[in-house]
Amino acid sequence: MGEFDLITHYFKTQQNPQRPDVALSIGDDCAILNCPPSQQIAITTDTMVEGTHFLPTISPKDLAYKALATNLSDLAAMGARPAWISLALTLPEVDQDWLKDFSETFFEVLTKENVSLIGGDTTQGKLHCISITAQGLLPKGKALRRDKARVGDYIFVSGTLGDSAAGLALLLGQKNTELKNYDAPIFAENYVVARHLRPTPRIALGQYLLDHDFSQCALDISDGLMADLTHILERSHCHAELDIEKLPYSEELTQLFSLATCEKFALTGGEDYELCFTVPEAKIQDFKKAILSSDLPVPVSCIGRITDGAENKITLQRNGKVVDFTFTQGFDHFSK
Ligand code: ADP
Ligand code: MG
């Protein structure tokens with residue numbers, strides 16, 4: 001099977017959601033898109049390289065899911081509505097079983113989110129490599145940006161933290177050194193592994209925060225809360241006070257690991273893809289009331305405040321007392 005047959009067979013398919021704003025899709029030198037006049041386009045690219053971003057043992061279905069989820073998560077973190085996707089795929093060989101599984105899950109996710117695959121590139125290389133560019137729509141002039149945190153804002157996170165790092169530790173077989181409870185039910189292990197392999201992009205939450213003007217500042221947690229919150233502080237020139245005892249953990253995580261390990265995973269473990277966002281003091285009461293009556297699929301937790309302390313730094317406190325942060329910082333590709 002040659003490159004063009006492969007594209008036609010696996011990617012130029014009926015399963016691809018048809019959107020009226022796609023004027024020209026896969027098959028020409030470029031795709032052509034119509035952007036509604038009152039909207040702006042948010043664009044993000046993420047690349048996943050075998051051995052670096054995913055274990056060589058990952059199934060093609062989980063890989064397709066995760067490659068899309070990480071990109072959709074970036075759109076969610078801006079409050080954008082996902083619309084279009086391009087896929088650059090590097091493969092060591094044409095493995096039809098692999099391509100069938102990969103494309104099946106790929107279009108399942110696209111169908112669920114009504115996102116259209118509009119083009120891409122297919123190349124041969126030594127390792128599997130998946131690079132996705134995702135585009136979403138934003139109301140003109142509005143976005144959840146890293147540079148919009150202000151002194152006095154409350155800091156929130158969605159869902160639970162640390163599950164993904166725990167899942168990865170289990171996949172890597174580190175459980176013997178870290179596990180708290182050797183008798184923890186197998187579903188707890190399965191849960192955190194699933195959270196690592198199939199993170200949920202918080203698309204509805206991002207749009208909710210944007211549409212209701214509850215927040216102007218968010219990002220998705222891909223490198224660990226400490227590292228990612230620091231990105232907000234650097235862009236917004238402010239300080240954060242974090243209350244460690246308020247970090248949200250899943251029941252499954254606490255069944256498996258000691259509290260100290262849960263804290264380490266939550267603060268420094270990457271790939272939770274939960275949103276971290278700020279809510280101004282003036283909106284906090286309305287926000288708390290609104291989320292109680294909303295049908296958002298994920299809970300949110302208040303974990304601290306933005307303050308005027310030392311710029312770009314985080315003060316960690318436990319029950320009001322300052323504690324030392326001695327864990328290593330989040331994942332940085334070029335730090336070693
Ligand atoms: P060109 O050489 O002009 O860049 P290609 O031969 O690489 O075009 O691709 C032909 C068409 O197939 C283009 O429309 C391109 O966007 C699309 N395409 C290539 N690979 C993929 C892929 N993995 N998924 C979706 N579309 C793809
Ligand atoms: Mg061309």
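These numbers come from a predicted model, not from an experiment.
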- Common cluster, Val322/Leu229, ILVMFWY with side-chain heavy-atom separation under 4.5 Å: no
- Do Ile221 and Met78 belong to the same hydrophobic cluster, where Ile, Leu, Val, Met, Phe, Trp and Tyr are linked whenever their side-chain heavy atoms lie under 4.5 Å apart, directly or via other members? no
- Which residues pass the side chain to side chain donor-acceptor pair (under 3.5 Å) test with Glu241, sequence neighbours left out? none
- Message: Test your reading of the model: is there a side-chain donor-acceptor pair from Gln135 to the backbone of Thr133, 3.5 Å cut-off?
- Response: no
- Query: What do the steps show when you test Arg198 against Asp62 for salt bridge (charged side-chain N to carboxylate O under 4.0 Å, His left out), and what is the final call?
  - Reply: CA-CA 7 Å; Arg198 301 243 173 172; Asp62 286 337; 2.8 Å; yes
- Output the distance between atom CG (Leu171) and atom NE2 (His196), rounded to the nearest 0.5 Å. 5.5 Å
- Message: Do the side chains of Arg195 and Glu252 get close enough for a salt bridge, i.e. N-O under 4.0 angstrom?
- Response: no
- Looking only at atom types and distance, does a side-chain atom of Asp21 sit under 3.5 Å from a main-chain N or O of Leu33, one as donor and one as acceptor? no
- Query: Taking the hydrophobic residues Ile, Leu, Val, Met, Phe, Trp and Tyr, and joining any pair whose side-chain heavy atoms are under 4.5 Å apart, which ones share a cluster with Tyr273?
  - Reply: none
- Does one hydrophobic cluster hold both Ile155 and Leu161, with members joined at side-chain heavy-atom distances below 4.5 Å? yes
- Item | Residue pair Pro201 / Glu274, side-chain heavy-atom distance below 4.5 Å | no
- Just by distance, do the side chain of Thr230 and the backbone of Met226 share a donor-acceptor pair under 3.5 Å? yes
- Those residues at least two apart in sequence (or on a different chain) that pass side chain to side chain donor-acceptor pair (under 3.5 Å) with Ser215 are none
- Please say whether more than 12 non-hydrogen atoms of neighbouring residues, nucleotides or ligands are located less than 6.0 Å from CD in Glu93. yes
- Residues which pass side chain to side chain donor-acceptor pair (under 3.5 Å) with Thr47, listed by chain and number, not counting sequence neighbours: Ser131
- Message: Donor-acceptor check, side chain of Asp74 to backbone of Thr44, threshold 3.5 angstrom: yes or no?
- Response: no
- Strictly by modelled atom types, are Glu234 and Asn312 linked by a side-chain donor-acceptor pair under 3.5 Å? no
- Item | Ser293 side chain to Ala290 backbone, donor-acceptor under 3.5 Å | yes
- Query: Which residues pass the side-chain contact (heavy atoms from CB on, under 4.5 Å) test with Thr13, sequence neighbours left out?
  - Reply: Gln15, Phe107
- Message: Any non-hydrogen side-chain atom of His231 less than 4.5 Å from a side-chain atom of Leu219?
- Response: yes
- Query: Do Ile58 and Leu197 have side-chain heavy atoms sitting under 4.5 Å apart?
  - Reply: yes
- Query: Just by distance, do the side chain of Asp153 and the backbone of Arg150 share a donor-acceptor pair under 3.5 Å?
  - Reply: yes
- Query: Is Gln317 close to Ile244 at the side-chain level, that is, under 4.5 Å between some pair of heavy atoms?
  - Reply: no
- Partners of Asp147 by side chain to side chain donor-acceptor pair (under 3.5 Å), sequence neighbours excluded? Arg145
- Task: Decide yes or no for Phe265 and Asp163: does some side-chain heavy atom of the first lie under 4.5 Å from some side-chain heavy atom of the second?
- Result: no
- Residues pairing under ring-ring contact (aromatic ring centres under 6.0 Å, His included) where one sits in residues 15-36, two or more places apart or in two chains, turn out to be none
- Would you list the pairs meeting side chain to side chain donor-acceptor pair (under 3.5 Å) in which at least one residue belongs to residues 110-126, sequence neighbours left out? Thr90-Thr123
- Message: Can you tell whether the side chains of Arg318 and Glu263 come within less than 4.0 Å, N to carboxylate O?
- Response: yes
- Task: Return each pair, listed once, that meets ring-ring contact (aromatic ring centres under 6.0 Å, His included) where at least one residue sits in residues 110-148; pairs must be two or more places apart or across chains.
- Result: Trp98-His128
- Message: Do Asp46 and Ile132 make a side-chain contact, defined as non-hydrogen atoms from C-beta onward lying under 4.5 Å apart?
- Response: no
- His239: partners by ring pair (Phe, Tyr, Trp, His ring centres under 6.0 Å), with sequence neighbours left out: none
- Non-hydrogen side-chain atoms of Asp243 and Ile303 separated by less than 4.5 Å: no
- Query: Going only through I, L, V, M, F, W and Y residues with side-chain contacts under 4.5 Å, is there a path from Trp84 to Leu87?
  - Reply: no
- Are Met48 and Leu127 connected in the hydrophobic side-chain network, where two residues link if heavy atoms are under 4.5 Å apart? no
- Between Ile118 and Ser86, is any pair of side-chain heavy atoms under 4.5 Å apart? yes
- Message: Looking only at side-chain N and O atoms, does Thr261 offer a donor or acceptor that is under 3.5 Å from a partner on Ser258?
- Response: yes
- Quick one: side-chain contact (heavy atoms from CB on, under 4.5 Å) partners of Asp213, sequence neighbours excluded? Lys142, Lys283
- Message: Test your reading of the model: is there a side-chain donor-acceptor pair from Tyr65 to the backbone of Pro199, 3.5 Å cut-off?
- Response: yes
- What about the rings of Phe102 and Phe106, do their centers lie closer together than 6.0 Å? yes
- Task: Under 4.5 Å between side-chain heavy atoms, chaining through other members, with only Ile, Leu, Val, Met, Phe, Trp and Tyr counted: pull out the rest of the cluster around Tyr154, sorted by chain and number.
- Result: Leu138, Leu144, Phe156, Leu205, Tyr208, Leu209, Leu210, Phe214, Leu275, Phe277, Val279, Ile284, Phe287, Ile291, Leu296, Val298, Val300
- Task: Before giving the answer on side-chain contact (heavy atoms from CB on, under 4.5 Å), spell out for Leu168 and Val192 the whole-Å C-alpha distance, their side-chain angles and the decisive distance to 0.1 Å.
- Result: CA-CA 8 Å; Leu168 180 60; Val192 296; over 6 Å; no
- Just by distance, do the side chain of Asn71 and the backbone of Ala67 share a donor-acceptor pair under 3.5 Å? yes
- Classify the side-chain pair Tyr10/Gln96 by whether it contains a donor and acceptor separated by less than 3.5 Å. yes
